[in-house]
Amino acid sequence: MSVRELIDGLVHRPVTEKRPGRDDPALAELAEALNRAARKRLGRSLSIRAVDAGSCNGCELELIALNNAFYDLERFGIRFVASPRHADVLIVTGPVTKNMREALEFTYNATPDPKWVVAVGDCARDGGLFAGSYAVTGGVSDVVPVDLHVGGCPPRPIEIMAGLLALLERAQ
Amino acid sequence: MAETLKALIAAGRKIGHPTAWPRAVVDAKAWAVAIDELVAGSWTMLGLWGEKNAVHLALNAAGQLGILSFDCSRGLYPSVGLHHPPAIRFERAIHDLFGLTATGLQDPRPWLDHGKWGVSRPLGTKPAAAAPEPYRFLPSEGDNLHQIPVGPVHAGIIEPGHFRFTASGEMVVRLEERLGYTHKGIEGLMAGADLERASKLAGRTSGDSTVAYQFAFARAVEVALGADVPERAKWLRALMAELERLANHFGDIGAICNDAAFALMNAHTGMLREQVLRAADTAFGHRLMRDRIVPGGLAVDLDQAGGAAIEALIGEARRRFPPLVHLYDNTASLQDRTVSTGRLSAALAAQYGAGGYVGRASGRAFDARKSLGYAPYDALKFDVPVRQEGDVDARVWIRIREVEQSLSLIEQILERLPVGAVRTELPVPSAETEGAALVEGFRGDILVWLRIGADGRVIRCHLRDPSWFQWPLLEPVIEGNIVADFPLCNKSFNCSYSGHDL
C-alpha cells in the first residue's frame with residue numbers, strides 16, 4: 001500500500017461510505033422492515049444457499065447484486081453460504097431441468113430443518129418459457145416444497161429482498 | 001484460403017438464396033478438404049450442429065464465411081473431431097440430440113444427455129427410450145494421485161456443472177469437465193416457435209448475454225427475410241451491447257480479484273456494475289435489457305432522460321474506473337496470484353478459435369465487431385486489445401482495456417445517434433429461407449443460424465455460445481496449477497454453463 005493511497009484514503013471520501021440506497025425511499029423502508037423482521041425471527045442470522053436448477057443465469061446475476069454495496073444484504077444478517085448444511089433457506093432459480101433434478105433433491109435433503117425454499121424467477125414457478133421441453137421437469141414445486149415464489153425475469157434485487165422479508169414475516 | 005472455401009461451396013449443391021453466409025451440401029471429399037484446412041490452421045471452425053438428416057459446419061476462411069453441410073440420411077458423417085479436437089464435444093452433442101454418428105470419433109460418450117430425459121435422440125428422426133449408462137471419466141493413473149469431485153452444485157451463486165480434478169498433492173494433473181446440467185432443450189423449443197417466442201428463447205440462452213443473443217438472433221432473421229432495420233435501431237443495438245459488455249466486465253474484474261481474496265476490488269466494481277444496470281433500466285426499461293432487441297428493430301426507443309442517464313453513467317465510470325486500474329496495477333499481493341497463473345498458449349487459442357478475452361489474452365485478435373465490421377461498428381472508432389501472455393492477469397487486462405473501449409464507443413454512439421424510427425415491419429417469407437449472424441458478446445462471438453418456414457415460424461435454429469471453444473481450454477490451463485488457483489482460472493474464463501448446455 002503506497003503512501004499515495006494512504007493519503008488518498010484520508011483526503012477523499014470513501015466511495016462505499018455513502019449508502020446510495022438511502023436516497024431511494026422504497027429501499028430504505030424495506031431495509032428497515034427487513035432488519036426488524038430478521039432480528040425478531042432469527043436473531044441476527046439467516047443463511048441462504050442458492051441453487052441454480054437450470055436457469056439462464058439471469059436470476060443469479062440479480063442474486064449476486066444483493067451483495068453489492070447498494071443492497072448489502074449482509075446488513076441484515078442475511079448471507080449466502082457455501083453449503084446446504086449451513087443453510088436455513090434455499091433460493092432455487094430456473095426451470096428444474098431433468099439433468100439437475102437429482103442434485104436439487106440432494107441439496108434439499110442436505111439442508112437441516114427447519115428450512116424454507118424460495119423459488120426465484122418466472123421459470124421457477126412453472127418452467128416458464130421452457131415448460132413442455134423434453135429436458136425440463138417444470139417448476140421448483142414439482143420437485144421440492146416451495147414456501148415463497150418471487151416472480152420476474154429476472155426479478156429486481158429489490159423484489160428479491162422484498163420476498164425474503166415476506167418469508168421472514170411468515171416463518172414461524 | 002478464402003478462395004478454397006468459395007470453390008467448395010460453388011462445387012457443392014448450393015442452397016439457393018442470397019445471404020452473407022453461403023451454404024452448400026458437399027460430398028465427403030470436400031468435407032475432408034475443410035478438415036485439412038482446419039487442421040492446418042488456415043481456417044477456423046465457427047460451429048458444428050445437426051439437423052434430422054444433416055450436419056452443418058460453419059467456417060471462417062480468412063474472413064470468408066461459409067457453411068458446409070453433409071447429408072446424413074444414413075445417420076453417419078465423417079468425424080471432424082477425429083482430426084480437429086475442437087469438434088469433439090459438438091459431435092458428442094449432435095449424437096445426443098439427433099442420433100447422428102461421427103464415424104471415427106474416438107470419444108463416443110454422451111455429452112448433454114445424462115440419461116434423465118426419458119428419451120434419447122429427442123430431435124432426431126427416431127427418438128428412442130432413454131438408455132442411461134454410467135458415465136466414465138477418463139482414467140488418471142499414477143502414484144499418490146487423488147480425485148476431487150466438485151459440483152454440479154457449487155459453493156457460490158453460480159451455475160451448475162461438474163469438475164473432476166485429479167491432483168498430486170496440491171498440483172492439478174488433470175481436470176475433466178462434465179457439463180449439460182442446465183440443458184433446457186432450447187433448440188427443441190425453437191422448432192415451430194413464432195419469431196416473437198423464438199427471440200425470447202434466444203434471449204434466455206445465457207442471461208448475462210441476453211442483448212448479444214437477441215442481437216444475433218434478430219440479425220439472422222433479418223438476413224433470412226432480406227429486411228433492413230432503421231439506422232437508429234442499429235446504433236441503439238450497439239449501445240445496449242456495449243452497456244452489457246461494461247456490466248459484465250466490471251462484474252468479472254471484481255469477481256476475479258475476489259477469488260484472490262481481494263474483496264475491495266469486487267466492492268468497487270460491483271457498484272459500477274450496479275450503476276450500469278440502473279442506467280440501462282432508466283434508458284431501456286430493463287436492467288439486463290432483455291427483450292428490447294427484436295427482429296425488425298427495437299421494442300423501445302431511447303428518450304432524453306435515458307440518454308442523460310447513460311451520459312451520467314459514463315462520466316461516473318470515467319472518474320471511478322482509472323483509480324481501480326491503478327489499484328490493480330499496484331497491488332503486488334494480487335498480481336502474485338494472477339500473473340503467470342493459468343496460462344493458455346497462443347497455439348491452443350488459435351486452434352480452438354477461442355473468442356473474447358480468452359482468445360485476445362493469448363494473441364488471437366479476432367473480434368466480430370472489427371473483423372466482420374457489422375453495423376454500426378464499421379462507422380465507429382475503437383481498438384481491439386490483444387496480449388500475448390495468456391495468463392489470468394492478461395485476461396484481466398483485456399477486460400480493463402475493453403471497458404475503456406466500450407466507454408468510448410458509447411460516447412461516440414450517443415454523439416452521433418441517428419434520428420428516426422427504431423422498428424420496421426418484417427416481410428412475410430414466400431418460401432423457406434435461411435440466415436445467420438455472428439455478434440460479439442462480452443464473452444466472445446455468438447453464432448446464430450436459422451431456417452424460417454413459409455409460415456414465418458422457425459423450423460430450425462442453432463445458437464452457438466462462445467463457451468464451446470473456451471470450456472475445453474480450461475482443462476489444459478489448470479494443469480500444473482494448484483487446486484486453490486482453480487477458482488481464479490475459472491473466473492478469468494467465466495464460461496457460460498447455460499449458453500453451452502442450451
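Everything numeric in this text was worked out from a predicted model, so none of it was measured. Every chain is numbered from 1 and lettered A, B, ... according to where its sequence line falls, protein lines coming before strand lines.
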Sort A:Ser83 into side chain, backbone, both or neither according to what part of it lies under 4.5 angstrom from a heavy atom of chain B. neither
So which part of B:Leu201 gets closer than 4.5 Å to some heavy atom of chain A, the side chain, the backbone, both or neither? both
Which atoms of B:His286 approach chain A - backbone, side chain, both or neither, heavy atom under 4.5 Å: side chain
So what's closer than 4.5 Å to chain B heavy atoms on A:Ala131: side chain, backbone, both or neither? backbone
Applying salt bridge (charged side-chain N to carboxylate O under 4.0 Å, His left out), can you list everything that pairs with B:Asp113, at least two apart in sequence or on another chain? none
Counting only heavy atoms closer than 4.5 Å, note whether B:Arg204 contacts chain A via side chain, backbone, both or neither. both
Is the shortest side-chain heavy-atom distance between A:Leu148 and A:Trp116 below 4.5 Å? no
So which residue, A:Cys153, A:Cys123, A:Pro95, A:Gly127, ends up with the most heavy-atom pairs under 4.5 Å with chain B? A:Cys153
Could you tell me which residues satisfy salt bridge (charged side-chain N to carboxylate O under 4.0 Å, His left out) with A:Arg79, sequence neighbours excluded, listed by chain and number? none
Checking the side chain of B:Lys184 only, and the main-chain atoms of A:Val136 only, is there a donor and an acceptor separated by less than 3.5 Å? no
Leading residue by heavy atom contact count with chain B [cutoff under 4.5 Å; candidates A:Ile64, A:Val96, A:Ile48]: A:Ile64
Does any heavy atom of chain B fall under 4.5 Å from the side chain of A:Asp52, the backbone, both, or neither of them? both
Pairs of heavy atoms under 4.5 Å with chain B: top-ranked of A:Asn57, A:Val81, A:Thr93: A:Asn57
Check whether any side-chain heavy atom of B:Trp117 lies under 4.5 Å from a side-chain heavy atom of B:Leu112, and answer yes or no. yes
Below 30° counts as parallel, above 60° as perpendicular, anything between as tilted: where do the rings of B:His249 and B:Phe442 land? perpendicular
Quick one: are B:Lys52 and B:Thr125 in side-chain contact, heavy atoms under 4.5 Å? yes
Could you walk me through whether B:Phe321 and B:Phe250 pass the ring-ring contact (aromatic ring centres under 6.0 Å, His included) test, one step at a time? CA-CA 9 Å; B:Phe321 191 57; B:Phe250 281 144; 5.4 Å; yes
Using heavy-atom distances under 4.5 Å, tell me whether A:Pro84 contacts chain B through its side chain, its backbone, both, or neither. neither
For the pair B:Asn248 (side chain) and B:Asp208 (backbone), establish whether a donor and an acceptor sit closer than 3.5 Å, ignoring hydrogens and angles. yes
If I measure from the heavy atoms of chain B, does A:Phe80 come under 4.5 Å with its side chain, its backbone, both, or neither? side chain
Residue list, side chain to side chain contact (heavy atoms under 4.5 Å, CB included) with B:Arg287, at least two apart or on another chain: A:Glu62, A:Ala65, A:Tyr71, A:Arg156, A:Pro157, B:Glu274, B:Leu277, B:Arg278, B:Asp281
Would you indicate whether the side-chain heavy atoms of B:Leu288 and B:Glu244 approach each other to under 4.5 Å? no
Which residues in residues 493-502 of chain B have any heavy atom closer than 4.5 Å to a heavy atom of chain A? B:Ser498
A:Arg101, part contacting chain B, at a heavy-atom distance under 4.5 Å: neither
Quick check: closest heavy atoms across A:Arg49 and B:Gly156, and the distance to 0.1 Å? NH2-O, 3.3 Å
